[in-house]
Visitor: 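Have a look at the structure that comes next, please.
In what follows, chains are A, B, ... by sequence order, proteins preceding strands, each numbered from 1.
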Amino acid sequence: MSDMEEVAGPEGPVAPHRVIGTPPPTPRLLGSGHGAEDGGTGHGTEVEPAEERLPAEPEYPTHAKNAEKVVAASFVLAFLAGCGFIAAYIGLEVHSVDAVFRSNLALGLSLSVALLGLGFGAVIWVRHIMPDAEVVEERHALRSTDAERAAFAEYFSEATGASQFVKRPIIRRTLMLATLPLAAIPIVALRDLGPLPGTSLRHTVWSPGRRLLVYGTNQPITPAEFSAPGSMITIVPDGYQDDLDALAKAAVIIIKFRPGELNVPTRTNGSTVIGTMNWTVDNIVAYSKICTHVGCPAALYEQTTHHILCPCHQSTFDATTGATVIFGPAPRPLPQLPMTVDAEGYLVAKSDFTQPVGPSFWERG
Amino acid sequence: MSESLDVPKALSGTGSWLDDRFHGARGLRVFMRKVFPDHWSFLLGEIALWSFVLLLLTGTFLALFFVPSAGEVVYHGSYTKLDGISMSQAYQSTLNISFDIRAGLLMREIHHWAADLFMAALTIHMLRVFFTGAYRKPREINWLIGIGLFTLGLLEGLFGYSLPDDQLSGAGLRIFEGVLQGIPIVGTYAAFFLFNGPFPGDSIIPRLYILHVFLIPGLILALITAHLFIMVHQKHTQMPAKGNTENNVVGQPFFPYFMAKGGAWFFFIFGALALLATFAQINPIWLYGPYNPVQISSASQPDFYMGILEGALRVMPAWEWNFLGHTISFSVLIPAAIPFGIIFTGAGLWPFFEQWATGDRSWHNINDRPRNAPIRTATGIAAVVFYGVLWAEGANDVIADFVQIPLYTVTWIARVLVFVGPAIGFYVTRRICLGLQRKDAEMLEHGLETGVIRQMPNGEFVEIHRPVTEDERAILEAKRPSALMPTAGSEDDNGVPSPEVSGTLGRARAIANRGFAETVVVETNGHGNGHGNGHGPADEHVAVPAGGGPAELPGGGDGEDGESGES
Amino acid sequence: MGWINARRRRPVAGYAALLLGLVVVGLLYGVLTRTGGGAQAAPTSASQDIAAGQKLFQATCSSCHGLDAQGTSQAPSLIGAGAAAVDFQMSTGRMPAHEVGAENARGPVRFSQQEIYEIADWVASLGGGPAIPDAQQVSTSGADTALGIQLFMANCAQCHGFAGDGGALTYGKFAPALTQATPTQIYEAMLTGPEAMPVFADGALPPQAKRDIIAYVVDTRTEPNPGGLSLGRIGPVTEGLVIFLGGMGFLVLIAMWITAKRREPWDVAQEENARMSQTAGTSGTSGTEH
């Protein structure tokens, strides 16, 4: 009992048998030619075959002829530019910065001209060569008619009844039961995406006696070599200078102060010492370079203000007082690395950091 | 008269073959004659559409050369400044594309500019739809699809520019991981699962790659298809004009007009991107160097569409709770969740909120002029100001450097403006809208000044006003103010409390309704051609009295007059 | 003047006037703000005229730094600062300072290189300090730019930007762009840590590492931008501005053109006007409204 049945005759499909509520979408064309502005008094609800056609020629023939020349010229230019692209691609080498500069310029310019030429020509074509036409189309109601809705509801309840889905709760419930684990499988199967964090966020690779190396040159450093007040340099742990995973937590900066400037108070977290002057050597202090906000390297050091500034979100730490936060979103001071010198006089770590470095996390404590 | 052209045999032969199998003649004819209304702002969504097509095309080219691997190699390629450096294969293959593949740099740049253009066009398109009220019934679903596209586009761009593993995007990934790590309870697990261990690991690049070239584009493609399908099925909205009614679409037929314009538009968009790729260098990864977590640069910003997240992270002061062995860092959580949360949730709920507040359940196929919906426009501007302040704060170090003001001052200004700015924006915009409505009413009543001075016989000089034309009148009168609900807690004649406005929620609804219904009455019977003819507009700023329910039939501004005297 | 007068009312006239005004102002600005050249003839760094240096110092620098360079409330002591610091500050025009306490930016150089060397030698004689590097020490031939970029990105880029275009510090200070610094000046800056910049002594950054960094900086600033205009080399901020103002702006204008209402074509209107003015014989427009 469908309303929209297509009648198929033996010779082939016949026009669908339309019923209530679906007017055929035949727009009525009105207002061709001059003065397109007042060409729209929309009457178009009739289906009559007295449809007007699109005008075949533009209103101003000479003007259209002139425009045609412009369009043709534009397309020819686009053609030439397109050929230019191919020529430039074949003819121009790359493999050096200067060569790429030339090649990019030539290829890009020819491509731009080809595309813009096509676009420009097309717009002139539409606006000056195609005859102006304004068409009015009726919108059909989006809401289905009450009869359509009733028919839908009727079939739906019929079909649901036929499926017995509602009448037999046991199969319904067991069906849902059966699909539950299948739905969970995609989530379960993702378990091996990565390892559990465990306690790895609480430690870095720093360990007692591990030498501080200057990043880049990978040379160890003695306090004598780092004696100019106001010095700062980036440090990486010996043995891990190329390990990005380790460096993302173990990067350190050391700063040299004049006597009397450095005044790291002894701070504890519960029973753990997290900062003290004892961890400095000869007015050289070592802080984690990993910002406690979201982990960028807190690299800017201003000698005059003794501030360490992280360039990502401007968290600012005072290097003379244990990298305490003085501005910005970082919630905690930069952890201090316990430092001492080894037998040969090189700066080494006394131990790992005594608190987790980097951004906060739930289990941090 | 028109002449029909003979269809060439090849075309008609193919056509018949297809039609035998697909019953296409009638449907295709309907579609070819489909009317698309003409307004420049209706072309904005197409910028996004064609940009996406170009992203697919250029992206395919790039994917033929890019190696999505974090495996370390030592560089010995054409960019000699980096000779001998250790870098990932992803970075190396990007250098390769830039310097050793002809047209490679051009394709990379078109791809990146197209991504930026996609997001920029989406933003402007979304604002156009919002300010003209085109999201109203029956287009709410399309609005939600659009917000979904916006979110997917954000992620797609973020993952895309992180693929080359350069210093700048690597810093962005570091921030991303830090934010992820800070989420309560599940944060560390999420971070370790995504990165397959601690940051950076060597799995993030190939994982982002498959998300960027397969999963997300597939979703975007599906949503775009749905978006366009719905738009074609429901037909596009149109601007108020003479002859435009709620029940018609006026414009030019798809074939040949709109097709030609659409084609031309594609070429212009492609051409604009090609021009940008030629003359404006984007993402010069060779200057950034390969990523190392020990290195960082000043002026490290993400692409502009992530700017509000960056700004939120910068504007936030330090705030963290430690309790019972656990830490919640609000410095990170609030910026991560609140700004985008407000924007997306607000945008998603707005059509339904507006329906609730105005009680308007009619279909809307004619767009609103923004001035005729003061609360909507003011809210939109407030959201834009909120977005804009955070976006600008994301560039605070660049602004401080460029404008030569201290760094912290920029942040403090943003901290204040992020609250004060939207409030001021709302207030000022609402007043401007009402003022413009008043101007419209005056124009209808007094006509337009012509600048022509005439001397009357008695010696007086007057300026001639001309009446508004029919076209102008149609636009000025195309205002359909919302109906006023009964006052909160009121009862009808029989003492029955009105259900719409009872209870706390009902009282809130009544307040909202009052705001939405506020409008300037438009004079529809004024002569519009003199110095007001002796009567001025009296008490024009009234709310439309109750009784005029939202009509489903067309008709702008008919009915209620204000209390003006007759001429 | 008739030619200009006849075209005064055309819409393009306004744009032409604006353009002319901008060009004139631009030329004037360029001429009037040309900085004095500080280039000198090739100097020798082996000046031994310490006495001459002392005289110059006491004439100019002592008003802030004290007669014996011991420092005053306005300026720090220079004893132990070294010749390199003096050469850097004076050859970049930062010293003599314009203002006490302000951050000094690069400016016009007020002394000849010979005079600067004399002052530097005198200051060095007071208490040692880093020496002026010679040509060999700052030569970048054979330098390893790969190491240079690593060191630069870890220790310099966070202030000076990844391409050495400068950046903001706190409290109104700025890390300058490195576009004009000579290799000697870069070396000296690393060695002496001027103003807020930290010190990168040879113990931490050996001379070869410094040369690698200098090679990187010089290479980068002379390198062409193969992708087009550099947009400032500060990253996505300017890219975002370009896409909105340039990209979207251009496209919106094109969209307005594509969808504009069709009006009577200009050549047809001109013909009509010409015809009507011939037949009617009156001047002026034919009273059409807009």
Side-chain angles (χ1 to χ4, degrees), chain A residues 13 25 27 40 42 53 55-56 89 94-96 100 103-105 107-109 111-112 115-116 118-119 122-123 126 133-139 142 193-195 197 200-201 215 234 244-245 247-248 251 293-297 299 311-314 325 327 329-331 359-362 364-365, chain B residues 2-3 23 30 33 35 78 99-100 102-103 105-106 138 171 174-175 178-179 181-182 184-185 187-188 192-193 196-200 235 243 247-250 252-253 257 260-261 263-264 267-268 270-271 274-275 277-278 293-294 296 298 300 313-314 316 318 320 325-327 329 331-332 408:
Chain A
R53 314 289 283 266
Y89 184 95
V94 284
H95 305 305
S96 81
V100 171
S103 170
N104 194 64
L105 187 60
L107 291 174
L109 204 50
L111 184 63
S112 310
L115 293 166
L116 292 175
L118 268 165
V123 176
V126 175
E134 194 173 79
V135 179
V136 180
E137 187 182 357
E138 293 302 304
R139 295 180 190 265
L142 286 169
L193 269 180
S200 60
L201 285 172
Y215 172 73
T234 304
L244 296 189
D245 290 356
L247 292 180
H293 180 223
V294 275
C296 285
C312 285
H313 311 108
Q314 286 86 47
V325 180
F327 186 83
S360 304
F361 50 96
W362 175 252
R364 195 179 187 279
Chain B
S2 54
E3 354 154 329
H23 193 80
V30 164
R33 291 190 76 125
V35 173
S78 300
F99 293 106
D100 291 303
R102 285 175 287 183
L105 183 61
L106 192 69
R174 183 37 160 144
I175 297 173
V179 170
Q181 188 178 303
I185 305 173
T188 50
F192 267 63
F193 279 13
N196 193 12
F199 181 84
K235 298 189 177 44
N247 291 333
N248 70 7
V249 194
V250 179
Q252 292 179 323
Y257 294 90
K261 287 187 191 174
F267 286 119
F268 268 111
F270 198 176
L275 269 182
T278 313
V294 159
I296 190 73
S298 67
S300 286
L313 282 169
R314 294 181 188 215
M316 183 73 196
E320 184 171 273
H326 295 292
T327 303
S329 193
S331 313
V332 171
Y408 296 156

Visitor: Please classify the contact of Ala260(B) with chain A as side chain, backbone, both or neither, using a heavy-atom distance under 4.5 Å.
Guide: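 Both the backbone and the side chain of Ala260(B) come within 4.5 Å of chain A.
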Visitor: Among Ala251(A), Pro195(A), Pro197(A), which has the most heavy-atom pairs under 4.5 Å with chain B?
Guide: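 Result: the option with the highest number of such pairs is Pro197(A).
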Visitor: Identify which of Leu105(A), Val100(A), Val123(A), Thr234(A) forms the greatest number of heavy-atom pairs closer than 4.5 Å to chain B.
Guide: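 Top option by heavy-atom pairs under 4.5 Å: Val100(A).
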Visitor: Do you know the tightest heavy-atom contact between Asn247(B) and Glu138(A)?
Guide: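 Nearest heavy atoms, Asn247(B) then Glu138(A): O-OE1, 3.2 Å.
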Visitor: Can you see which heavy atom on Ala133(A) is nearest to which on Gln252(B), and at what distance?
Guide: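 Smallest interatomic distance, heavy atoms only, reads O-CG, 3.2 Å.
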Visitor: According to salt bridge (Lys or Arg N to Asp or Glu O under 4.0 Å), who are the partners of Arg174(B), at least two apart in sequence or on a separate chain?
Guide: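 Applying salt bridge (Lys or Arg N to Asp or Glu O under 4.0 Å) to Arg174(B) gives Glu177(B).
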Visitor: Between Phe99(B) and Val94(A), which heavy-atom pair has the shortest distance, and what is it?
Guide: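 Minimum heavy-atom contact is O-CB, 3.6 Å.
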Visitor: Examine whether an atom of Ala248(A) lies under 4.5 Å from a heavy atom of chain B, and if so say whether it belongs to the side chain, the backbone or both; otherwise answer neither.
Guide: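 Contact with chain B involves both backbone and side-chain atoms of Ala248(A).
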Visitor: Among Ile296(B), Val332(B), Leu106(B), Thr327(B), who wins on heavy-atom pairs under 4.5 Å with chain A?
Guide: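 Heavy-atom pairs under 4.5 Å are most numerous for Thr327(B).
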Visitor: Find the one option among Trp362(A), Tyr215(A), Phe327(A) whose heavy-atom pairs under 4.5 Å with chain B are most numerous.
Guide: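 Ranked by heavy-atom pairs under 4.5 Å with chain B, first place is Trp362(A).
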Visitor: How would you list, by chain and number, every residue that makes a side-chain contact (heavy atoms from CB on, under 4.5 Å) with Ile175(B), sequence neighbours excluded?
Guide: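 Only Val294(A), Cys296(A), Cys312(A), His313(A), Val179(B), Glu310(B), Leu313(B) meet the side-chain contact (heavy atoms from CB on, under 4.5 Å) criterion with Ile175(B).
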Visitor: Go through the atoms of Phe361(A) and report whether side chain, backbone, both or neither lie under 4.5 Å from a heavy atom of chain B.
Guide: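 Both backbone and side chain.
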Visitor: Using heavy-atom distances under 4.5 Å, tell me whether Leu109(A) contacts chain B through its side chain, its backbone, both, or neither.
Guide: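 Contact with chain B is through both the backbone and side chain of Leu109(A).
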Visitor: What part of Pro138(B) gets within 4.5 angstrom of chain A, counting heavy atoms only: side chain, backbone, both, or neither?
Guide: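 Side chain only.
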Visitor: Side chain, backbone, both or neither: which part of Tyr89(A) has a non-hydrogen atom closer than 4.5 Å to chain B?
Guide: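 Tyr89(A) touches chain B through backbone and side-chain heavy atoms alike.
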Visitor: For chain A, which candidate among Gly187(B), Pro253(B), Pro200(B) shows the most heavy-atom pairs at distances under 4.5 Å?
Guide: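 Looking at each option in turn, the highest pair count goes to Pro200(B).
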Visitor: In terms of heavy-atom pairs under 4.5 Å with chain A, which of Gly178(B), Ala277(B), Pro293(B) leads?
Guide: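 Most pairs with chain A among the choices: Pro293(B).
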Visitor: Do Val294(B) and Pro297(A) touch side chain to side chain, with heavy atoms closer than 4.5 Å?
Guide: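 Heavy-atom side-chain distance check fails, nothing below 4.5 Å.
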Visitor: Going through the distances and angles, do Asp245(A) and Phe199(B) end up as a side chain to side chain contact (heavy atoms under 4.5 Å, CB included)?
Guide: CA-CA 6 Å; Asp245(A) 290 356; Phe199(B) 181 84; over 6 Å; no
Visitor: Go through the atoms of Leu142(A) and report whether side chain, backbone, both or neither lie under 4.5 Å from a heavy atom of chain B.
Guide: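 Side chain of Leu142(A) only, per the 4.5 Å heavy-atom cut-off to chain B.
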Visitor: Minimum heavy-atom separation for Ser329(B) to Glu320(B), with atom names?
Guide: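 Reported closest heavy-atom pair: OG-OE1, 3.3 Å.
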Visitor: If you tally heavy-atom pairs under 4.5 Å against chain A, which of Gly263(B), Gly182(B), Ala103(B) wins?
Guide: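 Winner by heavy-atom pair count: Ala103(B).
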Visitor: Identify which of Leu116(A), Leu118(A), Asn104(A) forms the greatest number of heavy-atom pairs closer than 4.5 Å to chain B.
Guide: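 Looking at each of Leu116(A), Leu118(A), Asn104(A) in turn, Asn104(A) comes out on top.
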Visitor: Please give me the minimum heavy-atom distance between His293(A) and Pro331(A), naming the atom from each residue.
Guide: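 The pair with the smallest heavy-atom distance is CA-CD, 4.2 Å.
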Visitor: Report yes if the side chains of Pro198(B) and Ser200(A) come closer than 4.5 Å at any heavy-atom pair, otherwise no.
Guide: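 No, too far: nothing below the 4.5 Å cut-off.
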